[in-house]
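A short worksheet on the structure shown next.
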Number of protein chains: 2
Amino acid sequence: MRTREAIETAAKQLFSENGYERTTVRDIGTRAGIDPSMIIRYFGSKEALFAHVATPDLRLLDLNNIDGTAIGEAIVRHFLAIWEGEQSGGGMQVLLRSAASNPEAAERMRGIFATQVLPAIARVGRPETAALRAGLVGSQLIGLAMTRYVLGLPPVVAMPVEFIVRSIGKTIQRYASLDEEM
Amino acid sequence: MRTREAIETAAKQLFSENGYERTTVRDIGTRAGIDPSMIIRYFGSKEALFAHVATPDLRLLDLNNIDGTAIGEAIVRHFLAIWEGEQSGGGMQVLLRSAASNPEAAERMRGIFATQVLPAIARVGRPETAALRAGLVGSQLIGLAMTRYVLGLPPVVAMPVEFIVRSIGKTIQRYASLDEEM
DNA sequence: TAAATTAGTCAACACTTGTTGGCAAAATTG
DNA sequence: CAATTTTGCCAACAAGTGTTGACTAATTTA
């Protein structure tokens with residue numbers, strides 16, 4: 001039961017750093033300190049291992065008791081905490097790194113959006129506009145993650161957390177409560 | 001001289017759809033209607049072909065005569081036109097699709113940001129804050145491109161151009177002239 | 001302790017990858 | 001027309017891919 005976890009953490013690390021295609025089963029085996037064949041025996045296939053490891057939980061329901069007027073900064077702060085937290089965002093980086101060139105990862109990404117982001121946004125404002133507002137929120141959050149954690153644009157990497165919370169939080173706030181200007 | 005162009009367009013298409021790693025030299029050859037070996041003879045290597053094809057031009061200098069109070073919507077409209085225009089954004093999609101899992105593509109992406117986005121933003125506002133403001137602008141624009149053209153989040157794909165121009169344009173406008181609230 | 005199950009390694013498989021060299025056909029040049 | 005260069009295809013290469021089966025060592029169970 002110790003090797004199973006070793007494989008999981010090695011896979012998470014390598015998928016996060018290099019994406020699905022550039023990560024080889026042999027690399028994972030080497031980092032986990034076991035034979036590559038064990039990976040297949042434990043998880044069935046490389047794809048199954050990826051699916052098992054790329055299941056992030058944004059825990060947006062933690063924001064249930066925040067009132068609508070301060071939801072913007074709260075979302076951004078929460079989002080940054082997840083990404084900077086334990087094991088590279090609990091699978092978020094694994095997913096985003098691969099989603100651009102791996103159709104299954106992209107599908108999973110759309111699933112995360114539909115089941116985790118959209119419902120959280122639907123809690124505030126008019127339900128009919130929830131998809132649009134969630135789409136805008138998603139575009140800004142994914143852009144933040146891409147530039148800061150995946151592409152590593154120098155100015156975005158260098159930004160202090162509190163600066164991001166303020167500047168981008170204001171944007172999210174406006175997107176989430178866009179009804180007033182529609 | 002006809003095959004060279006056939007290879008270029010086939011490569012652009014396939015790199016745009018599948019990214020660098022999932023696109024094979026044999027696939028390109030098949031779509032271009034020639035033998036895979038010709039690709040190496042014309043461009044030297046798969047990497048060199050990618051580099052040759054992934055050189056987008058955002059043409060942000062076209063926005064020189066827009067005054068600072070309407071730069072936000074202008075940038076978004078321009079950005080969308082490039083992406084939706086001929087051959088999938090003139091290399092932008094090729095680059096973004098691969099940049100998440102290919103280090104060289106990511107480096108190229110940072111180059112585009114440094115040489116094309118940053119100078120355009122530096123034209124308005126205080127020069128010392130240009131990097132920060134450009135970083136924010138970049139995060140929103142890349143997020144828009146990712147969600148609409150790469151990941152294909154349904155609500156973002158469905159948004160009419162004019163809606164995007166208005167809602168995201170306002171954000172870009174604020175980011176570009178952020179000096180006033182710092 | 002004996003039997004049965006689990007954990008692990010090793011070598012090899014079938015396949016795909018980018019790339020190369022040789023050779024025929026076509027086009028260009030003199 | 002003859003000579004030469006260009007254009008193209010074919011077959012094969014060396015290396016790397018995910019995956020499998022056989023076989024040993026360790027561990028758990030009875």
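In the text below, chain A, chain B and the rest are named by the order of the sequence lines, each starting its count at 1.
- Listed in residue order, the members of residues 37-44 of chain B having a heavy atom less than 4.0 Å from DNA chain D are B:Ser37, B:Met38, B:Arg41, B:Tyr42.
- The side chain of B:Thr24 places no N or O atom within less than 4.0 Å of a non-bridging phosphate oxygen (OP1 or OP2) of C:dT16.
- Here the straight-line distance linking atom CG of A:Asn18 with atom CZ of A:Arg97 works out to 7.5 Å at 0.5 Å rounding.
- Taking atom NZ of A:Lys46 as the reference point, atom C1' of D:dT17 lies 8 Å away to the nearest angstrom.
- Salt-bridge formation is detected for the pair B:Glu162/B:Arg77: a Lys NZ or Arg NE/NH1/NH2 atom is positioned less than 4.0 Å from an Asp or Glu carboxylate oxygen.
- Proximity of B:Thr3 to the phosphate of D:dG8: a side-chain N or O atom is located under 4.0 Å from OP1 or OP2.
- Using modelled atom types, one finds a donor on one side chain and an acceptor on the other under 3.5 Å when comparing A:Thr171 with B:Tyr175.
- Residue A:Arg22 contributes atom CZ, which lies 14 Å from atom P of D:dG16 at whole-angstrom precision.
- Taking 4.5 Å as the limit, every side-chain heavy atom of B:Met146 sits out of range of all side-chain heavy atoms of B:Leu153.
- Look at CG on A:Asp35: it is 13 Å from C1' on D:dG18, rounded to the nearest Å.
- Sparse packing is recorded around CD of B:Glu5, with 12 or fewer heavy atoms of other residues, nucleotides or ligands lying under 6.0 Å away.
- For A:Arg26 against D:dG16, a side-chain-to-base donor-acceptor contact under 3.5 Å is absent.
- We find that CZ of B:Arg2 is positioned 15 Å from C1' of C:dA27, with the value rounded to whole Å.
- Spacing between atom CZ of A:Phe50 and atom P of D:dG18 amounts to 14 Å, rounded to whole angstrom units.
- Classified by interplanar angle (parallel below 30°, tilted 30° to 60°, perpendicular above 60°), the ring pair A:His52/A:Phe43 is tilted.
- The distance from atom CG of A:Leu14 to atom P of D:dT17 is 12 Å, rounded to the nearest whole Å.
- Rounded to whole Å, atom C1' of C:dA7 lies 15 Å from atom CD of A:Glu5.
- Relative ring orientation between A:Trp83 and A:Tyr149 is described as parallel, the plane-to-plane angle staying below 30° on a 0-90° scale split at 30° and 60°.
- For the pair A:Ile34 CD1 and D:dA26 C1', the computed distance is 17 Å after rounding to whole Å.
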